[in-house]
Amino acid sequence: MHVVATAGHVDHGKSTLVRALTGMEPDRWAEERRRGMTIDLGYAWTDLPSGQTVAFVDVPGHERFVGNMLAGVGPVPAVLFVVAADEGWMPQSAEHLDALHALGVAHGLLAVTRSDRAEPGPARGRALAEIAATSLGPIEAVAVSGVTGAGLDDLRAALDRLLARLPAPDPAAPVRLWVDRAFTVRGSGTVVTGTLPAGTVAVGDEVELVPGSRRVVVRAVQSLGQACARVAGTARVAANLRGVSLAEVRRGSALLTPDSWLQTAAVDVRLRRPVTRLPPELTLHLGSAAVPARVRPFGTEVARLLLARPLPLRIGDRGLLRDPGQRQVVAGLTVLDVCPPPLARRGAAAAREAELSTVDGVPDGVVELRRRGLARVGQLRAMGAAPPYPPVVGDWVADPARWAGLRRALLDAVLAHSAAQPLEHGLPVEAARSRLGLPDPRLVTALATAPLTVRDGRVTLDRPPALPAGVREAVQVVRDELAAAPFAAPEANRLAELGLGPRELAAAVRVGALTRLADGVYLRPDAPALAARLLATLPEPFTLSAARQALGTSRRVAVPLLELLDARGATERLPDSRRRLRPP
Ligand SMILES: Nc1nc2c(ncn2[C@@H]2O[C@H](COP(=O)(O)OP(=O)(O)OP(=O)(O)O)[C@@H](O)[C@H]2O)c(=O)[nH]1
Ligand SMILES: [Mg+2]
């Protein structure tokens, strides 16, 4: 299926033409039929000679209803532009064309209607010239009469040619169905309709309903009046939502594939033409939504919009700014950034303008990461950019240059810390995280590659740094004394005399100069092995006291030493507290 919107000045014959092509009534309301004027969007469809189905979204031409027109055109890829032969180019011909250009609509066809009333040549010539200067470019024109039926076959053939050229959307793309109509069906509940540009909506799908971010289930799906299990874009879709009241949905709501869209109330945009004096308050029209926006220009072509409510937006989305008071399109726009940085300092706006001058609104993971340094995979995807590199840890992806810089910064921070605190064992991961301004401590661990490593929650050099000279000498005295009496652990006063406090002793243990048996009990690291050899000469099983005598030491040392040997599996403690050696 294809979806085509009409466009053109009031009374130029859009609805008459849709009626003649489809045999369906696009003006749904009694008031519309009474006044002979379209007020809101109308829907009708037919099969073309090729067998292709085309659905029309018929829009109102009256200047008071341009907002409705924009909601209909927003998500539609192609347009049937209508101009009346007897009236020619008129103000809403120009305004509708402005809007189509602003939205970047690139596919279209011109119908010169009411050509039973006047020679179509002049109207066609003017319209084609105006249209050729826009995003639509040069397009085909067909003269028709919705009253006599003349030219309708040519128009059907031309529609077939137009639709055959449209790119095929991706049925697996994330769904964003902008709601253009919501109503209740007795016995079924709330139904929303919209033009699905890509992706697939199926019965039973869980979708996110915005505004509000509620997860809801699609109870039933219809397309062109027929119930179906699933519909893929491009298509008109009617979705019956379970447990949703009519008050929760309206034009401008959207159904989304969950976790695939970023909802944002601040966006940076590029205008499709320079505007010197942007009004500070405008309305953003995007999809079927119309949202008040505060406008902060950065120069004449780039601006930040602060929206009155968040919208599910992606980089590259097209929309337009309209001045509701002046009833005119101010400018079309392309979304450049859906989570822009806050602008705090003075001069930030100029810097932002310069930065955005290099981006073009085509989502590119490499460029997004370059500007952000780090991002989560889901965040990039939700912006519309594919993650260009595998994650560095968890779901974090990093710009390679930024990552290399962070690695250097971490090494510097660890070196600076160990220079300032030579006896401390490395930089705590949390301190490193905050010093580097990282959002997740796992990033610190991922950054700590050789010569760095993470041990006991601290980032350290692979090889521990040497002891400061004074400490090294004091430790050597202890080691020398222990060489003569290996199990005579120095008493607390001796250690204090040598200037060895808990921090110095812990550093000595880390570099492998001493072993700690218990609080304040230190021996040389080879002492336990030596003890095991000496105990092997005792008759088994032996008591603590026998062991103490064999080693020539006190209970203060013998108790923790034997426990250490038990723990290492060198000795075994029996139920009666005596011990024996374990065979190696
Ligand atoms: N003679 C003649 N009259 C036409 C033709 N097309 C439309 N009309 C008449 O023009 C008037 C307006 O036609 P509509 O189809 O309602 O025009 P519209 O463009 O849908 O108008 P809006 O939706 O209000 O913008 C009606 O009285 C139609 O009968 C045509 O091809 N020939
Ligand atoms: Mg109409």
Side-chain angles (χ1 to χ4, degrees), residues 3-46 54-74 76 78-100 105 108-124 126-127 130-131 141-159 180-181 195 236 251 288 322 327-329:
V3 182
V4 172
T6 61
H9 193 72
V10 64
D11 266 354
H12 275 201
K14 297 178 292 298
S15 301
T16 302
L17 187 57
V18 167
R19 202 178 295 122
L21 283 169
T22 65
M24 296 174 72
E25 177 54 66
D27 285 334
R28 295 174 286 126
W29 296 3
E31 187 191 351
E32 292 179 312
R33 294 202 284 273
R34 195 173 63 244
R35 290 168 66 179
M37 173 194 278
T38 304
I39 296 169
D40 203 357
L41 303 173
Y43 311 95
W45 54 90
T46 188
V54 60
F56 293 99
V57 176
D58 183 37
V59 310
H62 195 281
E63 60 169 332
R64 275 183 47 212
F65 308 127
V66 171
N68 291 344
M69 178 269 180
L70 292 172
V73 167
V76 173
V79 66
L80 176 61
F81 203 98
V82 166
V83 65
D86 55 339
E87 223 175 48
W89 197 250
M90 293 293 281
Q92 269 62 53
S93 314
E95 187 174 7
H96 283 197
L97 183 60
D98 256 8
L100 295 169
V105 177
L109 184 59
L110 174 66
V112 185
T113 50
R114 308 203 320 207
S115 45
D116 54 300
R117 287 211 194 153
E119 212 282 302
R124 174 174 50 211
R126 170 78 190 274
E130 296 283 350
I131 291 168
V142 182
V144 296
S145 166
V147 170
T148 68
L152 288 185
D153 286 342
D154 290 348
L155 184 60
R156 289 195 182 91
L159 275 167
D180 53 26
R181 202 155 61 106
T195 302
R236 288 293 306 168
R251 178 166 292 169
S288 64
R322 193 159 176 273
R327 289 195 182 157
Q328 63 174 12
V329 173

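Whatever order the structure lists them in is the order used to number ligands and atoms, beginning at 1.
- The backbone N or O of N68 sits nowhere less than 3.5 Å from a side-chain atom of R251 that would complete a donor-acceptor pair.
- L80 CG to L159 CG: the interatomic distance, rounded to the nearest 0.5 Å, is 6.0 Å.
- Near ligand 1, H9, V10, D11, H12, G13, K14, S15, T16, G36, M37, T38, P60, G61, R114, D116, R117, S145, G146, V147 each place a heavy atom less than 4.0 angstrom from the ligand.
- Taken from CE in M69 to NE2 in H96, the straight-line distance is 4.5 Å, to the nearest 0.5 Å.
- Side chain to side chain, T195 and R236 meet the donor-acceptor criterion of an N or O pair below 3.5 Å.
- With the Mg ion (ligand 2) as vertex, S15 OG and T38 OG1 subtend 90°, rounded to 10°.
- With hydrogens and angles disregarded, a donor-acceptor distance shorter than 3.5 Å links the side chain of E32 to the backbone of D40.
- Within the coordination shell of the Mg ion (ligand 2), defined by N, O or S atoms under 2.8 Å, T6 is absent.
- The nearest N, O or S atom of M37 is not closer to the Mg ion (ligand 2) than 2.8 Å.
- In this structure a side-chain-to-backbone donor-acceptor pair under 3.5 Å is missing from T38 to D27.
- Annotation: side-chain contact (heavy atoms from CB on, under 4.5 Å) contacts of T16 (sequence neighbours excluded): R19.
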